[in-house]
Novice: 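I am attaching a structure below and will ask some questions about it afterwards.
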Amino acid sequence: MATGHAPGNPVPAVRTYPPVEHPVVVVGPQYLAQYPVELAVSTKLWTLGENDFKVSDINGTLIFQVKSKVLTLHDRRFLKDAAGNTLVNLRQKIMTMHRRWEAFRGESKEKNDMLFTAKKSKLFQSKTELDVFLGNNKGEVPDFKVKEGYSKSSCSILLGDSNTMLAQVHGGHSLAIMPNVDYAFIVALVVVILDMIDADPSGKDYGDAVTTIFDTFIN
């Protein structure tokens, strides 16, 4: 049986991304690994007023857990370690045009403990795209970008407007994180991404439409 490629037959190209030149630390350096990290998001556990899920490694070991409070004035998510210590708390700002989320260290709500904010790149968009700003970034150029991939539940997390890949989300449940990238930060960001997907499974952002109508009415 013939093996290999016949002379002149093209070989499929491989997409390559620039390596991460400097460690990306947002939550803490203890969440840096010198190797690619693969994590899996478990099926969500739904109870009244809560929306929880777990994040495990390739061996099934619990790495993070996410606790949620969704029937409050602000939808809130708590990223906790395996022991139950809160690492990051995230809350969605109500009545914002771009579905802005804010992430704070621990259980703090103080501005000086803000780790990052994330919002839709455009008011109306057919594909999920987010701009992510570190807490000390007061400008208009995002530190990170989230871009939807081949499906609604798959996306890439990039360093700023570059092609430097930090992580990929596949099917909303599988995370592939590059070496020297804060994987706790990536999981916190995925919490926001999954919320965007759940809130807008059809690509039509109902929340933004309501906000626009409300603003038009009061003005």
Side-chain angles (χ1 to χ4, degrees), residues 24 26-27 31 37-58 60 62-72 74-82 86-94 96 98-104 115-122 125-133 142-158 165-178 181-208:
V24 175
V26 178
V27 179
Y31 300 108
V37 173
E38 295 182 34
L39 298 174
V41 178
S42 69
T43 302
K44 296 180 180 180
L45 306 175
W46 292 88
T47 57
L48 182 62
E50 297 181 347
N51 175 12
D52 302 341
F53 56 87
K54 297 179 180 180
V55 180
S56 305
D57 69 4
I58 57 176
L62 178 66
I63 305 297
F64 300 113
Q65 45 192 325
V66 176
K67 302 291 184 179
S68 306
K69 295 181 179 179
V70 297
L71 296 182
T72 59
H74 294 274
D75 281 357
R76 299 188 68 191
R77 309 286 191 270
F78 300 88
L79 176 64
K80 299 175 178 285
D81 63 16
T86 300
L87 306 176
V88 181
N89 80 89
L90 305 101
R91 67 174 186 168
Q92 182 181 2
K93 297 194 69 175
I94 60 174
T96 59
H98 291 264
R99 297 185 62 87
R100 182 186 297 272
W101 280 81
E102 296 178 334
F104 298 85
L115 295 173
F116 67 88
T117 63
K119 67 181 183 68
K120 288 173 54 179
S121 300
K122 299 176 182 177
Q125 52 189 26
S126 58
K127 286 191 172 185
T128 300
E129 187 169 324
L130 306 179
D131 291 340
V132 183
F133 300 81
D143 298 285
F144 310 99
K145 296 277 289 187
V146 177
K147 294 187 177 182
E148 184 179 322
Y150 57 86
S151 71
K152 192 73 178 174
S153 58
S154 299
C155 64
S156 299
I157 301 172
L158 306 172
M165 179 73 67
L166 301 183
Q168 289 184 306
V169 182
H170 302 287
H173 297 286
S174 177
L175 315 180
I177 305 167
M178 301 301 171
V181 174
D182 184 334
Y183 54 88
F185 162 61
I186 296 298
V187 172
L189 189 52
V190 167
V191 171
V192 176
I193 295 169
L194 292 179
D195 180 86
M196 294 279 189
I197 294 172
D198 288 345
D200 183 24
S202 66
K204 298 178 181 178
D205 201 321
Y206 176 79
D208 282 342

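For the numbers below, each heavy atom of this structure counts, side chains included, while hydrogens, waters and symmetry mates do not. The first residue in the sequence is number 1, and the count goes up from there.
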Novice: Under the side-chain contact (heavy atoms from CB on, under 4.5 Å) criterion, do Leu166 and Leu158 qualify, and how do the steps go?
Specialist: CA-CA 5 Å; Leu166 301 183; Leu158 306 172; 6.0 Å; no
Novice: Would a distance-only check, ignoring hydrogens and angles, find a side-chain to backbone donor-acceptor pair under 3.5 Å from Asp81 to Leu87?
Specialist: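 Answer holds: no.
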Novice: Would you check if the side chain of Gln65 reaches a backbone N or O of Phe53 as a donor-acceptor pair within less than 3.5 Å?
Specialist: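 No.
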Novice: First locate atom CG of Leu175, then atom CG of Asp57, and finally report the distance between them rounded to the nearest 0.5 Å.
Specialist: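 Reported to 0.5 Å precision, the distance equals 12.0 Å.
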Novice: Nearest 0.5 Å please: distance from the SG atom of Cys155 over to the CG atom of Leu189.
Specialist: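 It is 8.0 Å, given to the nearest 0.5 Å.
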Novice: Apply the test side-chain contact (heavy atoms from CB on, under 4.5 Å) to residues Val192 and Val190: give CA-CA distance (whole Å), side-chain angles for both, the deciding distance (0.1 Å), then the verdict.
Specialist: CA-CA 5 Å; Val192 176; Val190 167; over 6 Å; no
Novice: Go through the steps to decide whether Phe116 and Leu90 satisfy the test side-chain contact (heavy atoms from CB on, under 4.5 Å), and finish with yes or no.
Specialist: CA-CA 9 Å; Phe116 67 88; Leu90 305 101; 4.0 Å; yes
Novice: Exactly one of Asp195, Leu130, Ile193 should register a side chain to side chain contact (heavy atoms under 4.5 Å, CB included) with Trp101. Which one does?
Specialist: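 One option only clears the test, and that one is Asp195.
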Novice: Just checking, any donor-acceptor pair under 3.5 angstrom between side chains of Arg76 and Asn89?
Specialist: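 Indeed, the side chains of Arg76 and Asn89 share at least one donor-acceptor pair under 3.5 Å.
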Novice: I need the Glu102 CD to Gln92 CD distance, nearest 0.5 Å.
Specialist: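 The CD atom of Glu102 sits 10.5 Å away from the CD atom of Gln92.
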Novice: Between Ser154 and Gly171, is there a donor-acceptor pair closer than 3.5 Å when you use the side chain of the first and the backbone of the second?
Specialist: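 Yes; at least one donor-acceptor contact below 3.5 Å.
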Novice: If you compare all heavy atoms of Lys145 against all heavy atoms of Pro142, which two are closest, and at what distance to 0.1 Å?
Specialist: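 Heavy atoms of Lys145 and Pro142 come nearest at CD-CG, 3.7 Å.
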Novice: Can you tell me how far the CD1 atom of Ile157 sits from the CD1 atom of Ile177, to the nearest 0.5 Å?
Specialist: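 So the gap between those two atoms works out to 7.5 Å.
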Novice: Using a strict 4.0 Å threshold on nitrogen-to-oxygen distance, state whether Glu129 and Lys120 make a salt bridge.
Specialist: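 Judged by the 4.0 Å cut-off on N to carboxylate O distance, Glu129 and Lys120 do not form a salt bridge.
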Novice: Given 3.5 Å as the limit, does a donor-acceptor pair link the side chain of Asp182 with the main chain of Val27, or not?
Specialist: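 Checked: pair present.
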Novice: Testing the 3.5 Å rule here: is there a donor-acceptor pair between the side chains of Ser156 and Lys147?
Specialist: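 Checked: Ser156/Lys147 side chains show no N/O donor-acceptor pair below 3.5 Å.
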Novice: Would you say the side chain of Lys119 lies within less than 4.5 Å of the side chain of Phe133, judging by non-hydrogen atoms?
Specialist: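 In contact.
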Novice: Evaluate the side-chain contact (heavy atoms from CB on, under 4.5 Å) criterion for residues Thr86 and Leu79: first the C-alpha distance (whole Å), next the side-chain angles of each, then the deciding distance (0.1 Å), finally the verdict.
Specialist: CA-CA 6 Å; Thr86 300; Leu79 176 64; over 6 Å; no
Novice: To the closest 0.5 Å, what do you measure between NZ (Lys67) and NZ (Lys80)?
Specialist: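 So the NZ of Lys67 and the NZ of Lys80 are separated by 8.0 Å.
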Novice: Does a side-chain heavy-atom distance below 4.5 Å link Val132 with Thr117?
Specialist: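 Result no, sub-4.5 Å side-chain heavy-atom pair not found.
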Novice: Angle class for the Phe185/Phe144 ring planes (parallel below 30°, perpendicular above 60°, tilted otherwise)?
Specialist: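 The arrangement is tilted - the two ring planes meet at 30° to 60°.
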